[in-house]
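Here is the structure we will look at.
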Amino acid sequence: MTQKPENFTPGIHNADYENEYLQIRLNASSLVNITGRKTEPLNGKWGFAADLYDTCRRQGWFRQERINSEGREVPLDFNWDELEKIDVPSSWNLQKPELYYFENFGVYTRTFPYTPAQAGERLLLRFEGAAYRTTVFLNGKFIGTHDGASTPFNIDITDVVKEDNRLVVSVDARRSPYRVPMENTDWFNYGGLYRDVCLVRLPSIYIKDWFVRLDPQFAAKDSYVIQVDICIESVDVFHANGSKVTGTAWMEIPELGINNEIQIYNGKGEAKIPASLQLWSPENPKLYDVKFSLNAIGRTDTVSDRIGFRTIAVKGQEIFLNGKKIFLKGVSVHEDHFALGKTTTEEIIRQTIRDLKEMNGNYLRLAHYPHDARFARIADEEGVLLWEEIPVYWAIAFDNPETYTDAENQLTELIYRDRNRASVIIWSIGNENADTDSRLSFMSKLAQRVRELDNSRLVSAACLIKHDKLVIEDRLVDFLDVIGFNEYYGWYDPDFDKLPKILANSNPEKPVIISEFGGDAQLGNRGAKDELWTEDNQKYIYERQVETFKKCSYIAGTTPWILYDFRCPRRFNRYQEGFNRKGLIDADRKTRKPAFYVMQEYYRG
C-alpha cells in the first residue's frame, strides 16, 4: 500500500477521485415506468457553470463545507446562488456562443421544496436524458451516477430529501473511445440536461413496470391473446421469509370488457388474456386505455397507459404487419434542430411526422440513439412505424467489458421505456461496424438481450457491404431478423453500377431494409446532374436508387439518409459549413429539395 504524504490534499492530489462516484451506478435495474403518472417538473432556469477541471467533483463543492475542522470559515470557489442561469431542458451548446463546441464538465444547481402528500410516500428524481455521464448530489450527499446520453434514469431520494433542498448535477459531455458512442461519430455532440427533469411521488408499494402485447403464438384473424407482465416494487415491506411482497393486481381495458386479476408473487405477475380487438396499424392507429391496480398488504397503487396491439413478423424475405405483407416506406432522422439542438418538443415531433406523411411514408428510422420518449407515444397516435437504435456506432471498443455493460444497459433502458409502444417494430443494435470477432461476440449478445426482454419485435442492425465480393454478407446476420444495408453508390462510391451487381449477387434468407443511401446537396445550389453538391446531382442519385430498388424482390423497406440537414462538426467544405447536407429537407425543416419529391413519388406506389 502506497503511503500518502502528510501534505496530501485530496482535492488537488487524488488522481482517482472519480472512483468515489462510480460506487452507486444508476441503471436499468432501478428504472421505473412513469407513463400515466403525475409528475412535478423541475424544468426552468438552473444555475450553471462550465466546470472545465471537474472541480465540483474533485473538491466536493456539493458539500458546501464553509467551516473547516478547526471551526474557521474558509473561502469557497463558487456560490450556487450567483451562478448564471441556463434553461433546463436545453442543449448547452446553443445557450451561449462560447459553449457551442463545449465538450467538458458542466455543473447545474437549483433548489426545490418538498412536502409529503401521504404517509410512507416514496419520491423519485427522474432524468429523461443527460449527455453523457451524469453525477447527482442532493443536500450535500452523492446519490448516484448514470452513463448514456439518451436513455432515462431515476433515483429514489426519499431518504435524502428535506423540506428545502439543494440539487447539484455534474454532467460530463466528453467523448471517449470507451463510451457508447465512442469519440468518433458523424453528428454533433450536444451536452447537458437536454431533456425533462421531474419528481414522481409513489406509494410505499408501487407498480414499477408493465409489458402488454399480443402473444405471437396465438395470433388469429379475430381473436387474440394479450400477454401481460407486471412488476411490483417495495422498498421497506417484506414477508418474514425475506421474499418480495405478494399481492393482487388487476388489468382493466374497459373498451374490451377486460378486468382480469393477476396474482403477484415475489414482486412479479403474469397473465394471458383472450381478447377480440382491433389491431393497431398505420391506417388504423387504434389505442386502448389500459389500467393497472394493485392491492398488497393493504397498500394500493394505480397506473394507466394507452396501448395498441399489433403483430410484426418475418417470413422468408418479407415483413408482415398483422399478418399482411408490408413495405416500410421510410426515412432516417436525427434528433437535431437548428434552434434547440438535441432538445425537442411535441410540435417538432408532430411536424416530423407530417413531413414523413407528405412523402407518403409510414416508417421512420430514429438514428443513431434513442430519441425523446414522446416520439414513440406520438407515433402510436399518428400511425407511424419506428426503428429505434442504440449508438453502437462505427468502431466501438468491442473488446472492452465496461463498454459492453454500457451498451447493454442503454439497450435495456430503451426497451423498458418503449416496449409498450405499438409503433416500435424494430430494435437496432448498431450501425456500420466492421465484421470482427470481437464485434460479433459483442453484438450477438446484444441481440440475445433484446429477445430476453421483448419477444414481440424484430432485431436489426445497419450493416456494411463486403466491398471485395460485392455481396450482402455479414456474420451478424445470423442473429438478426431483418438485415439493414447502408450504401452510398453514386456518392461516396461514384461507381453506381456496383449497386445492381450487389443486389443481383445476393440472395439473403431474410428481408433487407436499405437503411441508408443518398448524397449531399446544398439548398439552392443548382447544376448538372453529375455535379457534386447540387440539388440536381442529389435528385439524380435518388432517381437511380429507386429504379434499382424496384427490380429487387427482397428489399422490404427503405430509409434514405436523411430527412433534414443536421449539424456535424466534421464537415466543413463551402457547401456543408458544419452540416451534413444529405437532407431531403433543409436544416430550416421547411424547404424541400427536389429529391424529396422523388421519394414522394416512389412511395406513392
Side-chain angles (χ1 to χ4, degrees), residues 23-43 110-128 130 134-146 151-169 195-211 229-240 242-251 262 264-269 291-305 373 412-413 416-417 420:
Q23 300 307 306
I24 304 176
R25 306 304 290 266
L26 306 171
N27 55 38
S29 65
S30 60
L31 193 63
V32 176
N33 189 338
I34 64 169
T35 304
R37 290 192 183 276
K38 182 180 179 181
T39 62
E40 300 172 29
L42 291 180
N43 297 340
R110 66 159 293 160
T111 60
F112 66 91
Y114 171 67
T115 302
Q118 58 182 324
E121 177 178 274
R122 309 301 303 181
L123 186 67
L124 290 186
L125 173 62
R126 172 83 168 202
F127 295 81
E128 290 299 325
T134 309
T135 309
V136 185
F137 308 95
L138 183 62
N139 298 328
K141 296 181 180 180
F142 161 60
I143 57 176
T145 295
H146 178 265
T151 47
F153 62 97
N154 49 246
I155 320 161
D156 188 324
I157 60 173
T158 309
D159 298 333
V160 185
V161 72
K162 301 176 181 179
E163 183 176 351
D164 294 296
N165 301 274
R166 166 70 67 182
L167 178 61
V168 176
V169 182
R195 289 184 185 154
D196 292 340
V197 184
C198 67
L199 299 172
V200 186
R201 299 172 189 256
L202 300 169
S204 58
I205 302 177
Y206 58 90
I207 300 169
K208 181 182 181 183
D209 195 19
W210 56 95
F211 183 21
D229 296 293
I230 184 170
C231 178
I232 308 302
E233 187 67 47
S234 170
V235 177
D236 55 2
V237 182
F238 293 87
H239 286 304
S243 65
K244 287 188 176 182
V245 67
T246 297
T248 303
W250 290 265
M251 185 184 80
I262 303 173
I264 306 298
Y265 177 74
N266 201 24
K268 296 184 183 298
K291 178 181 177 182
F292 285 101
S293 303
L294 170 69
N295 190 328
I297 317 181
R299 315 292 177 85
T300 61
D301 189 25
T302 301
V303 293
S304 60
D305 204 344
T412 303
E413 288 173 337
Y416 281 168
R417 191 193 75 178
N420 288 307

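Numbering of residues begins at 1 and proceeds along the displayed sequence.
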Inset, instruction - Give, for atom CZ of Arg417 and atom CG of Asn33, the distance between the pair rounded to the nearest 0.5 Å. - result: 11.0 Å

Inset, instruction - Return the minimal non-hydrogen interatomic distance between Leu26 and Ile143, and the atom names on each side. - result: CD2-O, 4.1 Å

Legend entry - Heavy-atom side-chain proximity of Glu40 to Tyr114 below 4.5 angstrom: no

Legend entry - Gap separating the CZ atom of Arg122 from the CG atom of Asp156, nearest 0.5 angstrom: 4.0 Å

Inset, instruction - Please name the pair of heavy atoms, one in Arg299 and one in Ile205, separated by the smallest distance, quoted to 0.1 Å. - result: CG-CD1, 3.7 Å

Inset, instruction - For Lys141, enumerate each residue passing the side chain to side chain contact (heavy atoms under 4.5 Å, CB included) test, keeping only those at least two apart in sequence or located in another chain. - result: Val160

Legend entry - side chain to side chain contact (heavy atoms under 4.5 Å, CB included) between Arg37 and Val303, intermediate numbers included: CA-CA 6 Å; Arg37 290 192 183 276; Val303 293; 3.1 Å; yes

Legend entry - Atom pair SG (Cys198) and CZ (Arg126), whose distance is rounded to the nearest 0.5 Å: 7.0 Å

Legend entry - Least distance between heavy atoms, Phe142 atom then Phe137 atom: CA-CD2, 3.5 Å

Legend entry - Validation row: Leu124, Val32 side chains within 4.5 angstrom (heavy atoms): yes

Inset, instruction - List in chain and number order the residues that pass salt bridge (charged side-chain N to carboxylate O under 4.0 Å, His left out) with Arg195, two or more places apart in sequence or in another chain; answer none if no residue qualifies. - result: Glu335

Inset, instruction - Please tell me if the side chains of Val136 and Ile157 come closer than 4.5 Å, counting only heavy atoms from C-beta onward. - result: no

Legend entry - Thr248 side chain reached by Ile264 side chain, heavy atoms, under 4.5 Å: no

Legend entry - Nearest heavy-atom neighbours spanning Lys268 and Cys231: NZ-SG, 4.2 Å

Inset, instruction - Please tell me if the side chains of Tyr206 and Leu294 come closer than 4.5 Å, counting only heavy atoms from C-beta onward. - result: no

Legend entry - Which residues share a side chain to side chain contact (heavy atoms under 4.5 Å, CB included) with Thr302, sequence neighbours left out: Lys291, Ser293

Inset, instruction - Specify the closest pair of heavy atoms between Arg201 and Thr115, including all atoms of both residues, with the distance to one decimal. - result: NH1-O, 2.8 Å

Legend entry - Side-chain touch Thr39/Leu199, heavy atoms, less than 4.5 angstrom: no

Legend entry - Name of the residue among Leu138, Asn154, Leu42 meeting side chain to side chain contact (heavy atoms under 4.5 Å, CB included) with Leu125: Leu42

Legend entry - 4.5 Å side-chain heavy-atom contact, Leu123 and Val200: no

Inset, instruction - Check whether more than 12 heavy atoms from other residues, nucleotides or ligands sit under 6.0 Å from atom CD of Glu163, and answer yes or no. - result: no

Legend entry - Non-neighbouring partners of Thr300 that pass side chain to side chain contact (heavy atoms under 4.5 Å, CB included), sequence neighbours left out: Asn295

Inset, instruction - Scan side-chain atoms only and decide if Trp210 and Asp305 contain a donor-acceptor pair under the 3.5 Å cut-off. - result: yes

Inset, instruction - Kindly compute the distance separating CD1 (Ile207) from OG (Ser304), expressed to the nearest 0.5 Å. - result: 10.0 Å

Legend entry - side chain to side chain contact (heavy atoms under 4.5 Å, CB included) against Asp196, all qualifying residues, sequence neighbours excluded: Asn43, Pro89, Glu128

Legend entry - Residues that Phe153 engages under ring pair (Phe, Tyr, Trp, His ring centres under 6.0 Å), provided they are two or more places apart: Phe127, His146

Legend entry - Distance-minimising heavy-atom pair for Met251 and Ile262: CB-CD1, 4.1 Å

